[in-house]
There are 2 protein chains.
Amino acid sequence: MTTIGIPPGANIGGRDTYRHGDLSRALVEAGVELARAGGPAAVALRAATRRAGVSPNAAYRHFADRRALLEAVCSASQGRVAEAIEAEQALVADATDPVAAARLRFRAVGTGYLHFALAEPGLFQTAFTASTDLESATSGSRAGTSGRTPFQLLTDALDRLVTVGALPAERRAEAEFLAWSAVHGLAMLLITGPLRALGPEQAEGLIRRVVDMVEQGL
Amino acid sequence: MTTIGIPPGANIGGRDTYRHGDLSRALVEAGVELARAGGPAAVALRAATRRAGVSPNAAYRHFADRRALLEAVCSASQGRVAEAIEAEQALVADATDPVAAARLRFRAVGTGYLHFALAEPGLFQTAFTASTDLESATSGSRAGTSGRTPFQLLTDALDRLVTVGALPAERRAEAEFLAWSAVHGLAMLLITGPLRALGPEQAEGLIRRVVDMVEQGL
DNA sequence: AAGACAATGTGTACAACGTCTACATTAGCG
DNA sequence: CGCTAATGTAGACGTTGTACACATTGTCTT
């Protein structure tokens, strides 16, 4: 029993070398797939290693425990959120009036965030359910293609509002948390909360109203 | 081998009758304790039955599966939230001006909600992380001592704002979701999100600012 | 009063999970 | 060429949810 080692020429899990080569990456990608389908609770060490074609304990060479893998998947998911926001901002990039441009850019942060939440609820929950602190909210591993995290994209948009004169400087402090609260709360209500049965057009209406509220209430 | 039956005079798990008597209640209470300490993920069937001094499968006579028990614990937790809101409203009940009273009553919904979230993060998450729909958000099992759920307390306060003239009727529609979004989002940021390391006084400042934003942005 | 039935609790079993310890393999460096 | 560290595997243990069969008992009917 216990096939000693690997019979030459055999392959384990679709791979022909003892080493995997890029297991860390593969585990995170598998974790992202699991999170997409079932949210953070579905990110299991054994399931991820199974997908990577590797024995369960191999994961422990790259992650201290399940929590660490979940952290990595969380970072990757936040990167996707950042990309969604950047895509939404790219749609409104061609505004001539700088004040209007700053406003649209700011609104795009919220709408991009919420559109991603609706399109990829599992990933979205994984991105923000797993506990994060303020330092890691600005770490490079959570950035999109522009190299900025969702949180940084928000602060950037707020700073620009101030620069352009659309937001009084005395109201700038902590404004990111006010805006984030409203948008994140709506996302939760729409995904897992009492509004999860809403149709897309009604959801879109609520999204606009919440962003309106933030713009007006800041 | 299976001790056949119960030797007369023996007692299993601190109880001397074969029947438990009020197991359903006991399981929910045990679940609430688990949720308080560890959030929704900690609400385990086996742990709850263990606390109730009963075999694991006994739970299945009262709940279809773990999800069902979690639903019950969720309802109980929402009841606690409702009580917290009612307590906060009781603090401001003595306002003479009806407009000011309606405003304070409305604000108390948000501050009570957020104070509960800070005081009992595990229960709070359990109350609102477990998926709920709109019908169950108004079911009696989730009510506080006044017989109203947190959601109903919010709609009540908004209705009163309209009655008193503090909120234009044309802005009333869906206002509960806007307010709820902002407050719920801040709760998440404060409990599991990037703001969870904030001190109490700073958290209190943010709470006031978010409620200000809602009052102004509705 | 006696016996049937439904409600309730127990025991056993299985698969999946996280994680510990020991061992096997291999890349890279002297 | 051989040593060492990095990487992967095997086996085991305790936890979880849950299915199935069985035991006990309150209650209702006759």
Side-chain angles (χ1 to χ4, degrees), chain A residues 1-28 30-31 34-35 37-73 130, chain B residues 1-28 30-31 34-35 37-73 130:
Chain A
M1 75 73 2
T2 89
T3 53
I4 300 182
I6 304 174
N11 60 356
I12 17 187
R15 136 186 72 114
D16 56 343
T17 57
Y18 188 82
R19 300 296 224 264
H20 177 282
D22 199 8
L23 184 53
S24 187
R25 211 20 124 233
L27 288 177
V28 173
L34 293 168
V43 180
L45 267 181
R46 292 183 106 107
T49 54
R50 210 177 302 134
R51 284 192 177 227
V54 123
S55 91
N57 282 331
Y60 287 91
R61 302 297 173 186
H62 303 272
F63 301 96
D65 52 5
R66 174 187 182 265
R67 182 105 206 122
L69 172 62
L70 189 56
E71 277 287 313
V73 174
Chain B
M1 85 36 103
T2 98
T3 52
I4 298 183
I6 303 175
N11 60 355
I12 17 188
R15 134 187 73 116
D16 55 344
T17 57
Y18 187 82
R19 300 293 226 267
H20 178 283
D22 199 8
L23 184 52
S24 187
R25 205 34 112 228
L27 287 177
V28 174
L34 294 168
V43 180
L45 268 181
R46 291 183 105 108
T49 54
R50 211 177 301 134
R51 285 191 176 226
V54 123
S55 90
N57 282 333
Y60 286 93
R61 302 298 172 187
H62 303 272
F63 301 96
D65 52 6
R66 173 188 183 265
R67 183 104 206 121
L69 172 61
L70 188 55
E71 278 287 312
V73 175

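Order of the sequence lines sets the chain letters (A, B, ...), proteins ahead of strands, with each chain counted from 1.
- The interatomic distance linking A:Leu23 (CG) with C:dT25 (P) rounds to 19 Å, in whole Å.
- Minimum heavy-atom separation, B:Ala64 to B:Ala68: N-CB, 3.7 Å.
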N/O contacts under 3.5 Å, protein versus nucleotides 2-7 of chain C?
from  : atom 1 : to      : atom 2 : distance (Å)
C:dA7 : N3     : B:Arg19 : NH2    : 3.0

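- Rounded to an integer number of Å, the gap from CZ of A:Phe63 to P of D:dG8 is 11 Å.
- Between the OH atom of A:Tyr18 and the C1' atom of D:dA5 there is a distance of 13 Å, rounded to whole Å.
- Shown here for B:Leu70 and B:Pro40, the closest heavy-atom pair between the two residues is CD1-O, 4.0 Å.
- In this structure, B:Ser24 and B:His62 approach most closely via the heavy-atom pair CB-ND1, 3.7 Å.
- In this entry the distance linking CZ of B:Arg61 with P of D:dT18 reads 15 Å, nearest Å.
- Of all the heavy atoms in B:Tyr60 and B:Asp65, the pair that sits closest is CE2-CA, 4.0 Å.
- What you find for B:Leu23 and B:Ala58 is that their closest heavy atoms are CD2-CB, 3.8 Å.
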Can I get a per-line list of side-chain donor-acceptor pairs under 3.5 Å for residues 41-51 of chain A, giving both atom names and the distance, sequence neighbours left out?
from    : atom 1 : to      : atom 2 : distance (Å)
A:Thr49 : OG1    : A:Leu45 : O      : 3.2
A:Thr49 : OG1    : A:Arg46 : O      : 2.8

Using atom names, set out every protein N or O paired with an N or O of nucleotides 15-19 of chain C below 3.5 Å, distance rounded to 0.1 Å.
from   : atom 1 : to      : atom 2 : distance (Å)
C:dC17 : OP2    : A:Arg50 : NH2    : 2.2
C:dG18 : OP1    : A:Leu45 : N      : 2.8
C:dG18 : OP2    : A:Leu45 : N      : 3.1
C:dG18 : OP2    : A:Arg46 : N      : 2.9
C:dG18 : N7     : A:Arg46 : NH1    : 2.5
C:dG18 : O6     : A:Arg46 : NH1    : 2.9
C:dT19 : OP2    : A:Tyr60 : OH     : 3.3
C:dT19 : OP2    : A:Arg66 : N      : 2.8
C:dT19 : O5'    : A:Tyr60 : OH     : 3.3
C:dT19 : O4     : A:Arg46 : NH1    : 3.1

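- Across all non-hydrogen atoms, the minimal contact from B:Ala72 to B:Phe63 is CB-CE2, 3.8 Å.
- The phosphate of D:dA6 (OP1 or OP2) has no side-chain N or O of A:His62 nearer than 4.0 angstrom.
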